[in-house]
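The block underneath contains the structure these notes are about, expressed in structure tokens.
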Amino acid sequence: MIPYSPEAYQLLHDGSIALAEVEGNGIRIDVPYLNATIEETNAKILRMTKRLEQTDVLKEWRKRYGRKFNLGSGEQLGTVLFDIMGFDPPGLTETGKYKTDEASLAKVNSPFVKRYLKIKKYQKALSTNLEGLRRETEDGIVHPVFNLHFVVSYRSSSDSPNFQNIPKHEPKIARLVRLCFIARKGRVLVEIDYGGLEVCIAACYHQDPTMLAYLHDPSSDMHRDTAKDLYVLTDEEWERIPHKMQKMIRFTAKNSFVFAEFYGSYYVDCARNLWDDIDRDGLQGPNGEPLKEHLRKHGIFERGDCDPAEKPSKGTFEAHVQKQERRLWNRFAVYAQWRRDWYKDYQEKGWFKTKTGFICQGHMARNKVINYPVQGSAFHCLLWSLIQLVKKDLKRNKMKTLIVGQIHDSIVADVPIEELEDYLALAHNVMVKRLKRRWPWVIVPLEIEAEVSPVGGSWADKEEIKINA
DNA sequence: GCCATCGGCGCG
DNA sequence: AAAGCGCGCCGATGGC
């Protein structure tokens, strides 16, 4: 069976050509800054490593391994922490070694851990994002590759360097790396992204009335409402929490619970992650108290065993999250039913077809069957918009704007400052209005948000800007 | 020296 | 009944 309709084929065909042009354009790199930053980051890592020498963990480590000592070896670290020093092993990897990732190490009570993890973060940024970027930059321009093939869900990928995983969430690291990416002379970098695109596209498949109501009412906020339930916060208490803290609480509710559930996770894993999030992010309740203290006032005293074989005990966070899980899927009951029906249909036929005309066949686990069509179709909305801009609108209007990248649900462009207004209007027209005409199955309103760098400035300094429709 | 695999982690 | 989707890149490791 040919795995796509003629129109789906056309999308990949046009998309490949448009993305080739995007690759050719490339992004300007601040080479002097990049070179200086590589030097400085190297020195910083060296300094931090020196300070680590005084910790008891590192002393034990050197004693055990001598000349073979290697700070980058997770295996050595596991042996030192859990075999020699007797900390509780947080769990084992797929192949039976000690886990030494950030979440596991967070449970080890030692001043060594925090500093070690900080070094690892900078090491990662240095080797992947800074040195990797320098390797791939030529004449001050980098040309990331964007692939439309080999991705099972019919999304895209990027490499050499990967433009789709540049640090963003950790402020210091994000700034360090994003200062490298700058607008050309007299121009600004503009990133326009669809807000909540995957949720919107999922809603086009399942048409759950509660979800549709959320998406049609811009003043409502599913993640905020879920966050309040999850942490037992009344409206009045929520209002007393500082805006920045509200955002952090909403962020963890969204990523560790709502999206996790939508992707097929369940309350045991969610409870574990959410409980860890509270301490790691320093989440606080309405009186500035640690969120766990707030939960205690509402009869939630501890995390719970989170043992899949056991029922959660009363008074635990695990039991509470289980209750919230039931509540979530009761509210989105039509969505829940669609998941069952969609999967059953696949089991009977052995394949399914996406809204954008692609056929996925072969053996797939349940969660993949549910996620691929949404993930793929969401990206196709972005790709169609990008094709319109690159192939039609920018050329038709004889504009000098260059599309330079794409990150699943966003488009990055290098725009002459005098074209900014025109570009924003054009993008809005394509991404919001014309897309819905192109694909009438998009039955929810779409929203876009734009961020703009200073003239000749960097991606790190971009700021949100209003789009006048 | 080359290559595949693993654990870990960055992004959506 | 099962139990988080998709990518790419890095260093470590071990087999050849």
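Each chain gets a letter, A, B and so on, in the order its sequence line appears, and its residues count up from 1.
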Over all strands shown, is [X] touching base, sugar-phosphate only, or nothing at heavy-atom distances under 4.0 angstrom?
X        : value
A:Arg135 : sugar-phosphate
A:Gly74  : nothing
A:Ser156 : nothing
A:Asp193 : nothing
A:Tyr372 : sugar-phosphate
A:Val374 : nothing

Heavy-atom closest pair (A:Leu148 atom, A:Ser156 atom, distance to 0.1 Å) is CD2-CB, 4.0 Å
Mind listing the closest non-hydrogen atom pair of A:Arg62 and A:Phe69 along with its distance? NH1-CD2, 3.5 Å
Would one find a side-chain N or O of A:Asn371 under 4.0 angstrom from OP1 or OP2 of C:dG4? no
A:Thr128 side chain N/O closer than 4.0 Å to the phosphate oxygens (OP1, OP2) of C:dC10? no
Atom [atom1] of [X] and atom [atom2] of [N]: how far apart are they, to the nearest Å?
X        : N      : atom1 : atom2 : value
A:Leu197 : C:dC5  : CG    : C1'   : 15 Å
A:Leu148 : C:dG6  : CG    : P     : 18 Å
A:Glu261 : C:dA2  : CD    : P     : 18 Å
A:Ile45  : C:dG11 : CD1   : C1'   : 13 Å
A:Glu318 : C:dA3  : CD    : C1'   : 13 Å
A:Gln406 : C:dG6  : CD    : P     : 18 Å
A:Leu130 : C:dC9  : CG    : P     : 16 Å
A:Phe262 : C:dG6  : CZ    : P     : 18 Å

Plane angle bin for A:Phe317 and A:Tyr231 - parallel if under 30°, tilted between 30 and 60°, otherwise perpendicular: parallel
Footprint string (nucleotides 5-12 of chain B, 5' to 3'): B base within contact, S backbone only, - free, heavy atoms under 4.0 Å: -SSBBBBB
Measure the [atom1]-[atom2] distance between [X] and [Y] for me, rounded to the nearest 0.5 Å.
X        : Y        : atom1 : atom2 : result
A:Arg28  : A:Ile141 : CZ    : CD1   : 7.5 Å
A:Ile411 : A:Leu386 : CD1   : CG    : 4.5 Å
A:Thr354 : A:Ile359 : OG1   : CD1   : 8.5 Å

Report the base-pairing partner of C:dG4 (Watson-Crick or G-U wobble, both distances below 3.5 angstrom), or none. none
Among the candidates C:dG4, C:dC10, C:dG14, find the nucleotide nearest to the side-chain atoms of A:Ser127. C:dC10
Identify the residue among A:Leu52, A:Leu77, A:Thr55 that makes a side-chain contact (heavy atoms from CB on, under 4.5 Å) with A:Trp61. A:Leu77
Is the distance between the ring centroids of A:Phe163 and A:Trp459 under 6.0 Å? yes
Which whole number of Å gives the distance between the P atom of B:dG10 and that of C:dA3? 26 Å
